[in-house]
Number of protein chains: 2
Amino acid sequence: MGRKRTKSGKIRLAEVAELAGVSPITASRFFRNPEALSVAKRTRVDSAARELGYVPNLAARALASQRTEVIGVLIPSLTNNVFSDVLRGIYHASEDSRYSIQLSNTRYSILQEEKLLRIFLAQKPAGLIVTGIDQTTESRAMLEAADCPIVQIMEIGPNPVDMMIGFSHFDAARAALDHLFGQGHRKIGFVGARMDPRVQRRLDGYQAAMKDAGLFDPRLIVATATPTSVTLGGALFTDLLAKAPDLDAVFCANDDLALGVLFECRRREIAIPEQIAIIGFNDLEFMASAVPTLTSVRTNRYEMGRTAATMLIDAIEGRRPERPVLDLGFKVMERQSSSLRRSDSRPALSGTGPANKMVALPSSHD
Amino acid sequence: MGRKRTKSGKIRLAEVAELAGVSPITASRFFRNPEALSVAKRTRVDSAARELGYVPNLAARALASQRTEVIGVLIPSLTNNVFSDVLRGIYHASEDSRYSIQLSNTRYSILQEEKLLRIFLAQKPAGLIVTGIDQTTESRAMLEAADCPIVQIMEIGPNPVDMMIGFSHFDAARAALDHLFGQGHRKIGFVGARMDPRVQRRLDGYQAAMKDAGLFDPRLIVATATPTSVTLGGALFTDLLAKAPDLDAVFCANDDLALGVLFECRRREIAIPEQIAIIGFNDLEFMASAVPTLTSVRTNRYEMGRTAATMLIDAIEGRRPERPVLDLGFKVMERQSSSLRRSDSRPALSGTGPANKMVALPSSHD
DNA sequence: GTCGTTGCTGGTAGCGCTGTCAACGTTCCT
DNA sequence: AGGAACGTTGACAGCGCTACCAGCAACGAC
């Protein structure tokens with residue numbers, strides 16, 4: 001009777017409270033902290049809400065409480081399937097929570113990232129997931145001043161803003177090289193595209209390994225800022241071959257490039273691994289079913305996303321993780337494309353990571 | 001001096017208005033409809049906002065205006081790279097707009113879709129993008145009752161809820177089959193995974209084509225509900241070969257499966273296309289650089305996402321499209337994997353689509 | 001029996017913004 | 001010149017919810 005509806009006919013908290021015979025604030029508490037109510041009122045509010053089909057108005061809640069239940073995610077690309085795996089993990093972990101994901105694409109620009117960060121922060125997100133450790137000074141300052149938990153993903157390094165989850169791309173690249181050295185390869189090329197900070201660190205790892213082995217030769221490196229693709233892998237490999245015809249192995253900065261190299265070898269009738277060995281990076285699904293099967297450095301992308309979101313939500317709700325920096329490690333998945341001599345009983349080269357299946361081998365972050 | 005800040009120190013519209021020497025409501029208008037202001041005030045507010053680094057509070061705006069600037073997107077999967085292309089298009093089109101994307105994953109469940117739809121609708125989204133045309137009756141009713149524009153994507157069919165953009169999977173499959181028939185193939189197998197409604201319609205198209213040609217044989221069909229992968233392609237092809245050893249071509253419901261079939265053929269030393277022809281679906285990037293290059297049905301996924309978001313935003317802002325249903329068509333990209341006889345001057349088989357590069361060939365939607 | 005303590009509940013006062021409508025000045029028409 | 005029409009501006013009153021604090025009952029300690 002006296003119940004007045006909003007124009008749009010939506011049910012408000014006040015209606016629920018009235019039907020339940022409690023004050024609006026009590027009804028409000030029911031949705032945020034049911035334990036604070038007596039059992040009697042709790043059930044009354046519950047059934048009133050059900051009966052009316054009440055759905056809270058998030059905008060009003062956000063305005064009144066001065067905070068949102070939004071987790072902001074800043075990633076550099078939607079194209080790259082590395083990020084789609086990470087995202088899948090993030091969405092998965094957030095699905096059963098009250099938090100919703102707000103995604104923004106920095107397009108590999110730290111300036112764009114800074115701009116987006118400013119917008120995100122102004123909306124007082126519950127938490128933030130940002131990619132990598134190479135923010136602008138200004139972004140870094142904003143992140144540090146932010147009053148919400150933050151997780152940096154994709155890699156680990158010194159001075160986390162807050163939490164951090166990833167692995168050492170530098171060490172992973174070194175492990176790839178060590179694997180190739182172990183197979184007797186010496187003239188090892190590097191093929192890289194996009195060259196974002198993480199690919200750059202893989203290149204750094206490659207260079208360090210080659211230098212340490214006294215095998216470094218700049219002609220063995222082909223890198224471009226062009227976005228990656230299978231076709232590009234073939235093209236870059238062609239360039240590499242022109243510069244270094246006596247090549248005996250290729251470290252590809254990602255698996256798409258590796259597949260492109262595989263096809264290009266097939267086109268040129270180069271035998272793999274007899275003439276040239278191939279190793280990729282990320283271990284996408286197709287690597288294991290290519291012919292020959294392709295060696296790759298496995299990274300835990302889905303796990304990274306899922307764990308990042310879980311850690312973040314825990315932190316938002318006051319459950320801070322025991323250790324704020326998590327190294328998820330990597331693992332060299334040795335397959336036909338790099339196995340000249342069958343590796344006998346030597347375990348796969350691994351970085352640190354969950355104890356279940358990885359050999360502990362701490363990556364150095366200095 | 002007299003300027004009072006909110007506790008958190010955030011700049012409010014009132015501060016901007018004060019600095020600009022106008023009333024808050026005028027400042028408000030500047031952000032929503034600058035043309036309504038005189039040039040003098042416009043520049044004053046603009047510089048005041050810049051100087052203070054003002055960012056509007058979206059929650060307050062949403063609460064006061066009774067609407068949000070959120071576009072809800074319901075897709076069945078984040079894994080499938082078909083959807084990541086669509087999403088890229090959607091995000092791209094929304095980036096320069098005031099609208100933000102809220103993504104939810106139905107996991108191929110129309111019940112889950114219904115649940116998510118209910119939540120979305122309660123927050124009064126500015127618009128909605130939903131996948132496909134197979135909603136539950138309840139979902140359908142909610143969509144029709146929603147007071148925001150809606151775009152259905154990925155396929156076209158009768159009775160759009162509002163707008164619709166996609167192509168006919170049935171016709172696309174028929175076109176693939178027609179291409180194979182044209183190359184002289186008769187024992188054509190079907191390999192499909194996931195079997196969502198759109199893959200199902202591709203299977204329907206395959207069946208119709210085979211029946212019309214008097215070549216239908218249920219043993220030629222291998223389909224599973226398992227999510228797709230390259231490895232699965234090889235496994236399904238193995239099954240198919242066991243059931244129909246005299247196969248001369250395979251229509252794969254997507255490109256991952258096609259790549260798996262390619263590798264499996266290589267493993268079995270089956271010559272492509274001499275012994276078995278392969279055609280995929282979607283024309284992912286790698287199809288053109290495989291060895292042999294793989295024929296596929298090109299679909300305009302990025303374009304679909306971009307156009308859907310653009311149409312939706314236009315509709316939200318009152319610019320309804322001339323035609324609410326858009327057929328983006330498809331195109332059979334003939335490559336080595338299906339070219340027994342070099343196709344001379346015959347144009348590629350196409351569905352309807354943008355005039356620029358596709359041969360108009362309307363798909364029937366009945 | 002009094003006092004504090006705890007647990008639960010409600011009143012009040014906004015959160016920051018925009019819808020509505022009225023008021024103003026200017027221009028243009030008759 | 002008077003008035004209508006338009007463009008521009010501002011005052012006011014919320015949007016639906018929650019933070020904050022006060023109040024009240026019930027209970028235990030002394």
Side-chain angles (χ1 to χ4, degrees), chain A residues 3-45 48-49 52-69 98 119 121-124 126 147, chain B residues 3-45 48-49 52-70 98 122-124 126:
Chain A
R3 201 181 304 161
K4 45 183 166 16
R5 296 277 186 82
T6 175
K7 302 154 214 151
S8 55
K10 285 279 174 256
I11 310 294
R12 287 169 308 166
L13 190 56
E15 273 89 65
V16 176
E18 192 184 347
L19 180 61
V22 299
S23 72
I25 189 67
T26 300
S28 167
R29 271 191 277 261
F30 168 76
F31 294 102
R32 293 175 292 145
N33 182 20
E35 277 67 41
L37 301 205
S38 62
V39 182
K41 305 225 164 175
R42 200 185 306 171
T43 52
R44 289 236 298 284
V45 176
L52 298 172
Y54 172 73
V55 180
N57 180 322
L58 265 32
R61 177 178 288 178
L63 180 60
S65 67
Q66 294 283 73
R67 56 199 162 68
T68 61
E69 285 174 349
R98 61 216 279 202
I119 296 172
L121 253 11
Q123 306 308 323
K124 305 195 189 154
D147 64 346
Chain B
R3 204 180 299 159
K4 46 182 169 9
R5 295 274 186 83
T6 176
K7 304 154 212 152
S8 56
K10 285 280 175 255
I11 308 295
R12 288 170 307 168
L13 189 56
E15 272 89 64
V16 176
E18 191 186 348
L19 181 62
V22 300
S23 72
I25 189 67
T26 300
S28 167
R29 271 191 277 261
F30 169 76
F31 294 102
R32 293 175 292 146
N33 182 20
E35 276 68 40
L37 301 205
S38 63
V39 182
K41 305 226 164 179
R42 200 183 307 170
T43 52
R44 289 234 300 283
V45 176
L52 297 171
Y54 172 72
V55 180
N57 180 323
L58 264 32
R61 176 178 289 178
L63 180 59
S65 67
Q66 294 283 73
R67 56 198 165 68
T68 61
E69 285 173 349
V70 170
R98 59 215 281 201
Q123 303 309 324
K124 303 192 191 156

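In what follows, chains are A, B, ... by sequence order, proteins preceding strands, each numbered from 1. Everything quoted here is computed from the prediction, not taken from an experiment.
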Output yes when at least one side-chain N/O atom of [X] is less than 4.0 Å from OP1 or OP2 of [N], else no.
{"X": "A:Ser28", "N": "D:dC17", "answer": "no"}
{"X": "B:Ser23", "N": "D:dA11", "answer": "no"}
{"X": "A:Thr26", "N": "C:dT9", "answer": "no"}
{"X": "B:Gln66", "N": "C:dC17", "answer": "no"}
{"X": "B:Tyr54", "N": "C:dC17", "answer": "yes"}

From [options], pick the nucleotide closest to the side chain of [X]?
{"X": "B:Ser38", "options": "D:dT9, C:dG10, C:dG19", "value": "D:dT9"}
{"X": "A:Arg61", "options": "D:dT18, D:dG10, C:dC17", "value": "D:dT18"}
{"X": "A:Ala64", "options": "D:dC17, D:dT9, C:dG16", "value": "D:dC17"}
{"X": "A:Leu13", "options": "C:dT9, D:dC17, C:dG16", "value": "D:dC17"}

Walk me through whether A:Arg29 and A:Val45 qualify under side-chain contact (heavy atoms from CB on, under 4.5 Å).
CA-CA 10 Å; A:Arg29 271 191 277 261; A:Val45 176; over 6 Å; no
5'-most by nearest nucleotide on DNA chain D - B:Pro24 or B:Ala60:
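Going by which nucleotide is closer to the 5' end, it is B:Pro24.
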Take the protein atom [atom1] of [X] and the nucleotide atom [atom2] of [N], then report the distance between them rounded to whole Å.
{"X": "A:Leu63", "N": "C:dC17", "atom1": "CG", "atom2": "C1'", "result": "8 Å"}
{"X": "A:Arg29", "N": "C:dG11", "atom1": "CZ", "atom2": "P", "result": "11 Å"}
{"X": "B:Leu58", "N": "D:dC17", "atom1": "CG", "atom2": "P", "result": "19 Å"}
{"X": "A:Glu69", "N": "D:dC17", "atom1": "CD", "atom2": "P", "result": "13 Å"}
{"X": "A:Ile25", "N": "D:dG23", "atom1": "CD1", "atom2": "C1'", "result": "15 Å"}
{"X": "A:Arg12", "N": "D:dG14", "atom1": "CZ", "atom2": "C1'", "result": "11 Å"}
{"X": "B:Phe30", "N": "C:dT18", "atom1": "CZ", "atom2": "C1'", "result": "17 Å"}
{"X": "A:Asn33", "N": "D:dA19", "atom1": "CG", "atom2": "P", "result": "11 Å"}

In sequence, state the C-alpha distance, the side-chain angles, and the governing distance for B:Tyr54 and B:Glu15, and then conclude on side-chain contact (heavy atoms from CB on, under 4.5 Å).
CA-CA 9 Å; B:Tyr54 172 72; B:Glu15 272 89 64; over 6 Å; no
Looking only at non-hydrogen atoms, find the nearest pair between A:Val16 and A:Ala49 and report the distance.
CG1-N, 3.8 Å
Smallest separation among heavy atoms of A:Leu13 and A:Ser28, with atom names
CD2-CB, 3.5 Å
Scan B:Arg32 against the nucleic acid and name what it touches under 4.0 Å (heavy atoms): base, sugar-phosphate only, or nothing.
sugar-phosphate
What's A:Arg67 touching, base or sugar-phosphate or nothing? Going by heavy atoms closer than 4.0 Å.
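If one applies the 4.0 Å heavy-atom cut-off, A:Arg67 turns out to touch the sugar-phosphate alone, with no base involved.
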Between A:Asn57 and A:Arg12, is the side-chain contact (heavy atoms from CB on, under 4.5 Å) condition met? List the steps.
CA-CA 8 Å; A:Asn57 180 322; A:Arg12 287 169 308 166; over 6 Å; no
